[in-house]
There are 2 protein chains.
Amino acid sequence: MSVAEETPGGEDMPWGEVTPEAARRLLVAAVEAFAERGYHATTTRDIAGRAGMSPAALYIHYKTKEELLHRISRIGHDKALEILRAAAAGDGTAAERLADAVRSFVRWHAERHTTARVVQYELDALGPEHRAEIVELRRESDAAVRGIIDEGVAAGEFDVPDVPGTTVAVLSLCIDVSRWFNVQGRRTPDEVGALYADLVLRMVGAQKK
Amino acid sequence: MSVAEETPGGEDMPWGEVTPEAARRLLVAAVEAFAERGYHATTTRDIAGRAGMSPAALYIHYKTKEELLHRISRIGHDKALEILRAAAAGDGTAAERLADAVRSFVRWHAERHTTARVVQYELDALGPEHRAEIVELRRESDAAVRGIIDEGVAAGEFDVPDVPGTTVAVLSLCIDVSRWFNVQGRRTPDEVGALYADLVLRMVGAQKK
DNA sequence: AACGAGGGTGAGCAAGCGCTTAGAGACCGG
DNA sequence: CCGGTCTCTAAGCGCTTGCTCACCCTCGTT
């Protein structure tokens with residue numbers, strides 16, 4: 001969709017759609033600060049300082065501190081939903097698509113765990129209208145995963161007594177990766193993704209290949 | 001262990017060990033406020049107001065706002081660890097004990113989800129020494145669950161390629177209940193506990209009875 | 001009746017907060 | 001060479017924060 005998100009080389013560049021550059025620097029600084037200390041414990045002076053600017057510079061690019069959080073949250077949720085929908089729309093059996101969805105969703109939560117932490121755990125700091133907008137995106141993520149599971153059940157691939165409950169559990173499991181994942185830890189994002197894909201296939205009762 | 005935790009009637013009374021009564025009222029008010037708005041967004045005036053007291057009264061019973069959070073976190077983690085150890089020490093097969101652990105651990109996170117939210121998600125707001133103390137308790141919770149899984153593998157009941165990874169996933173799944181659980185939602189704590197116990201047994205490859 | 005101890009309050013301090021404003025410098029079309 | 005636009009800063013305003021302090025009230029004991 002977005003042109004700015006990819007460099008000519010092809011590798012994806014996070015926050016590439018945020019312009020001008022000073023606005024992006026402020027946003028990246030805010031992501032780090034929010035992830036480390038939480039939204040409410042982060043000061044506008046801290047964000048500006050990390051971006052190498054004065055506190056007032058923030059207000060040229062963003063109306064309020066809350067708008068900064070909203071931009072982060074919106075972009076992050078868009079990306080998460082895109083990942084899930086891409087996996088759901090792929091070809092292959094329901095088991096393959098579910099494994100693919102979990103693997104890439106978990107990898108994103110591990111690789112970009114600072115961003116994910118803000119996106120997943122600072123929802124309550126948004127104002128009412130902004131929160132409503134984000135909640136709708138989350139509903140759609142839930143629907144994407146539920147769709148794959150539904151199809152797996154219909155095709156006789158899965159054995160799932162409680163589809164909505166299992167959907168919540170699968171998403172919950174993936175999301176919580178951003179809370180405990182540590183870059184210094186033993187596992188790479190790829191390894192966690194593979195482990196979790198296997199665990200989720202067991203949860204839905206997919207027969208092993 | 002604690003005498004004050006049980007009334008003569010026998011039903012357990014949360015925060016019964018906190019005395020005097022004014023200190024308990026303040027602590028309960030703090031749990032509610034922290035769970036609703038987060039530690040940093042909660043003011044000492046708000047806590048005191050909910051407890052029907054003046055802001056200064058808080059400092060008769062607690063040295064700082066952080067000490068209040070530490071007391072909550074400590075008592076909550078003690079309770080969580082007690083639940084897991086009780087299940088691990090029970091009799092029955094490893095599958096039965098694992099299901100029991102997940103069922104009661106999840107039930108606690110759903111029933112007392114305000115407390116659990118503070119306990120599980122406000123860890124970073126603690127000072128360094130207090131956090132270290134709590135992190136040790138979490139390590140012991142991890143060990144309790146890993147112990148059950150280890151025994152299940154040794155007895156040939158479970159099929160688990162990655163025991164540490166699966167342990168993290170199981171605990172993560174349970175803990176995250178406190179984030180999404182809603183009292184107005186469709187499911188009771190008992191139902192979520194039963195669902196999750198079943199899902200976890202599938203994750204460890206326990207054969208169904 | 002006098003007393004000390006301890007739980008409680010009203011007022012307020014120093015510091016830090018989100019955010020605004022006046023103006024400086026850089027850039028650019030004419 | 002000018003005037004307008006855009007980005008950024010120094011200073012600071014009004015307010016809230018965590019916490020303190022001087023004082024009061026209610027006790028059980030002597």
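Predicted model only: the values in this text are computed from it and were never measured. Here is how names work: the chains are called A, B, and so on, in the same order as the sequence lines, proteins then strands, and each is numbered from 1.
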Please report the distance, rounded to the nearest Å, between [atom1] in [X] and [atom2] in [N].
X: A:H40; N: C:dG16; atom1: NE2; atom2: P; answer: 20 Å
X: B:D46; N: D:dG18; atom1: CG; atom2: C1'; answer: 14 Å
X: A:Y59; N: C:dT21; atom1: OH; atom2: C1'; answer: 14 Å
X: B:K65; N: C:dG16; atom1: NZ; atom2: C1'; answer: 13 Å
X: B:R37; N: D:dT16; atom1: CZ; atom2: P; answer: 14 Å
X: A:M53; N: D:dT7; atom1: CE; atom2: P; answer: 10 Å
X: A:Y39; N: C:dC17; atom1: OH; atom2: C1'; answer: 12 Å
X: A:Y62; N: C:dG18; atom1: OH; atom2: P; answer: 16 Å

- Query: side chain to side chain donor-acceptor pair (under 3.5 Å) with B:D142: which of B:R138, B:R139, B:R146?
  - Reply: B:R146

- Shortest non-hydrogen contact from A:F181 toward A:R117: O-NH2, 3.5 Å

- Closest heavy-atom contact between A:G165 and B:L195? CA-CD2, 3.7 Å

Nearest listed nucleotide, side chain of [X], among [options]:
X: A:I60; options: C:dG18, C:dT9, D:dT9; answer: D:dT9
X: A:A56; options: C:dT9, D:dC19, D:dT9; answer: D:dT9
X: A:A57; options: D:dC19, D:dC8, C:dG18; answer: D:dC8

- Determine whether any donor atom in the side chain of B:R45 lies under 3.5 Å from an acceptor atom in the base of D:dG18, or the reverse, and answer yes or no. yes

- A:S54 near the nucleic acid: base, sugar-phosphate alone, or nothing, with a heavy-atom cut-off under 4.0 Å? base

- Between A:T44 and C:dG18, does any side-chain N or O lie under 4.0 Å from OP1 or OP2? yes

- Message: Is B:H61 close enough to C:dG6 that one of its side-chain N or O atoms is under 4.0 Å from OP1 or OP2 there?
- Response: no

- Do A:R85 and A:E140 sit within salt-bridge range, that is, some charged N less than 4.0 Å from a carboxylate O? yes

- Item | Spacing of OH belonging to B:Y39 relative to CG belonging to B:L123, to within rounding of 0.5 Å | 12.5 Å

